[in-house]
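A short worksheet on the structure shown next.
The figures here come from the full heavy-atom set of this structure, side chains too, leaving out hydrogens, waters and symmetry mates. Just so it is clear, the model here is predicted, and its values are computed rather than measured. Position 1 is the first residue of the sequence, and the numbers go up from there.
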Amino acid sequence: MPRNLTRTPVGIVGAGPAGLMLSHLLARAGIDSVVVDNRTRAEIEGTSRAGILEADSVRLLTDTGVCDRVLRDGGRHDGIELRFGGSGHRIDFQGLVGESVWLYPQTDVFTDLADARERDGADVRFGITGTRVVDLTTDHPGILFEDADGRPGEVRCEILVGADGAHGVCRTAVPEASRTHYFRAYPFAWFGILVEAPPSAAELVYTHSERGFALISRRTDTVQRMYFQCDPDEDPADWSDDRIWTELQARVAGADGFSLKEGPVTDRSVLRFRSLVCDPLRYGNMLLAGDAAHTVPPTGAKGLNLALADVRVLAEAVESALRTGDRAALDTYGPRALRRVWRAQHFSYWMTSMLHRLPDATDFDTRRQLGELAAVTGSAAGSAYLAEAYTGCGALPSL
């Protein structure tokens with residue numbers, strides 16, 4: 001059966017937040033695109049993903065006309081709490097750097113973008129299979145696939161963007177000799193739960209304890225998200241509700257009497273920790289963005305924000321290349337994006353190593369971490385660095 005051929009200036013593999021935001025930004029510049037994804041829209045919306053949005057990410061959603069639901073339904077947080085030694089220490093984002101973050105699940109970001117692309121008549125194809133990218137070093141790279149009805153499809157474009165995540169086909173389509181992977185695996189993971197309970201705290205609580213790290217987050221007034229450090233091979237099925245609550249309560253306990261509001265656990269999973277950066281981000285006429293280009297530990301809340309920052313820079317480079325006909329403009333994307341990526345890698349690694357207990361940690365290691373936490377929370381300069389990095393303050397020029 002012959003393939004159904006579509007020609008477009010930009011082909012995008014991956015209809016997550018990175019791919020859809022890129023398509024949206026290009027459309028604002030009058031540039032058409034086709035977006036494909038092997039997941040259905042329902043599958044993406046049914047995947048529970050947390051999300052902390054930097055102020056620049058919120059502005060990107062609102063000021064470019066995606067929608068302003070994040071301002072209505074998202075939770076603005078003006079700080080976080082670092083909890084160690086049995087007591088809490090607030091980092092005041094507004095007081096230190098004049099910025100905030102928004103608690104807004106990645107699933108909601110996806111829904112807003114998918115709705116906006118549908119509203120604007122974009123060509124977004126969910127539920128395809130057998131995706132391959134071909135002819136990447138030619139003037140017309142291609143995406144081959146079978147559509148949702150099993151018919152062969154083909155997209156030929158001038159510029160192809162791989163935004164298909166850490167396990168997609170685009171990054172591995174680059175020959176090993178043409179890319180360098182900077183990689184680190186961590187010896188621990190997060191045990192994540194969703195729980196039906198009221199909030200335990202007004203803001204996120206990052207906890208260092210002798211038993212390991214814990215993060216107390218929130219989702220809504222009745223559903224909360226919490227995590228605690230665990231072994232990467234931990235089986236969620238081995239943990240009853242009672243065992244989970246006993247462990248979490250022990251990690252946050254202290255002389256100040258802080259405790260968690262408990263309820264039924266409705267979801268439990270283990271999230272492994274990895275850091276990866278692919279360099280360069282261009283191969284021929286294909287460019288990588290979002291998790292296809294890099295991953296970070298979730299401690300610093302950078303993954304989604306990096307993806308949105310990537311495509312903001314990428315949209316400028318693609319527009320310049322297509323308007324001028326000079327593909328050298330695409331070379332500006334990688335170095336600009338990677339400067340921010342490495343800053344985020346540093347911050348995520350720093351937060352991770354400061355708050356988590358290593359499997360072979362000595363008493364010296366634990367005391368050193370406590371000294372570092374005391375130095376950060378006891379110093380205006382140290383607290384300001386954390387606030388600036390966490391909120392993304394100053395990382396990009398304003399829109």
Side-chain angles (χ1 to χ4, degrees), residues 46-52 80-86 88 103 105-107 165-167 184-201 203-220 222-254 258-276 291 295-304 348-361 365-366 369 373 390:
T47 303
S48 178
R49 297 287 297 274
I52 295 289
I80 60 172
E81 180 177 296
L82 296 183
R83 186 170 179 79
F84 60 95
L103 188 64
Q106 181 171 322
T107 308
H167 304 292
R184 180 182 181 90
Y186 294 81
F188 42 73
W190 276 4
F191 194 113
I193 65 169
L194 280 174
V195 54
E196 294 179 356
S200 295
E203 297 173 334
L204 273 68
V205 180
Y206 288 76
T207 303
H208 173 283
S209 82
E210 292 185 357
R211 301 177 68 94
F213 170 81
L215 171 60
I216 310 307
S217 182
R218 57 186 299 175
R219 180 63 63 84
T220 68
T222 58
V223 177
Q224 313 310 318
R225 188 73 162 159
M226 302 181 189
Y227 304 89
F228 60 89
Q229 178 184 344
C230 69
D231 186 277
D233 296 321
E234 196 69 63
D235 184 354
D238 292 339
W239 286 75
S240 66
D241 284 19
D242 286 345
R243 185 184 177 194
I244 288 171
W245 286 118
T246 297
E247 186 62 35
L248 275 169
Q249 295 286 16
R251 295 197 186 193
V252 303
F258 178 69
S259 64
L260 303 174
K261 293 180 172 62
E262 300 183 10
V265 175
T266 60
D267 182 76
R268 65 200 77 201
S269 59
V270 172
L271 175 63
R272 290 174 175 265
F273 272 36
R274 295 180 176 89
S275 291
L276 181 139
D291 284 356
T295 56
V296 293
T299 322
K302 291 300 164 203
L304 175 56
S348 298
Y349 176 84
W350 175 66
M351 287 279 285
T352 299
S353 61
M354 181 171 61
L355 289 163
H356 290 74
R357 182 176 178 83
L358 292 172
D360 58 351
D365 296 322
T366 301
Q369 288 178 314
L373 285 161
Y390 197 98

Quick check: does any side chain N or O of [X] sit under 3.5 Å from a backbone N or O of [Y], one acting as donor and the other as acceptor?
X    : Y    : value
R251 : Q229 : yes
W245 : G263 : yes
S200 : K261 : yes
T295 : D291 : no
S259 : Q249 : no
T207 : R83  : no
R268 : W239 : yes

Answer whether the closest heavy-atom distance between the side chains of [X] and [Y] falls below 4.5 Å.
X    : Y    : result
V252 : V205 : no
L355 : H208 : yes
L358 : F188 : yes
L248 : I193 : yes
E81  : E203 : no
S275 : P297 : yes
P298 : F273 : yes
T107 : T47  : no

Inter-residue atom distance [X].[atom1] - [Y].[atom2], 0.5 Å rounding:
X    : Y    : atom1 : atom2 : result
Y349 : R184 : OH    : CZ    : 4.5 Å
L194 : S269 : CG    : OG    : 8.0 Å
I80  : M351 : CD1   : CE    : 5.0 Å
Y227 : I216 : OH    : CD1   : 11.0 Å
E196 : T220 : CD    : OG1   : 9.5 Å

Might you point out which heavy atoms bring [X] and [Y] nearest each other, and give the distance in Å?
X    : Y    : result
Q369 : M354 : NE2-O, 3.5 Å
V296 : S348 : CB-OG, 3.9 Å
P236 : V270 : CG-CG2, 3.8 Å
P199 : Q224 : N-NE2, 3.4 Å
D365 : D360 : OD2-O, 4.2 Å
A189 : P232 : CB-CA, 3.7 Å

*Are E247 and R243 within salt-bridge range, i.e. N to O under 4.0 Å?*
no
*Criterion ring-ring contact (aromatic ring centres under 6.0 Å, His included) on H356 and Y186, from CA distance to verdict*: CA-CA 10 Å; H356 290 74; Y186 294 81; 8.3 Å; no
Partner of F213 under ring pair (Phe, Tyr, Trp, His ring centres under 6.0 Å), picked from W190, F84, F191, is W190
Practice item. For the pair I52 and L204, evaluate side chain to side chain contact (heavy atoms under 4.5 Å, CB included) and give the outcome as yes or no after the intermediate values. Key: CA-CA 10 Å; I52 295 289; L204 273 68; 3.9 Å; yes
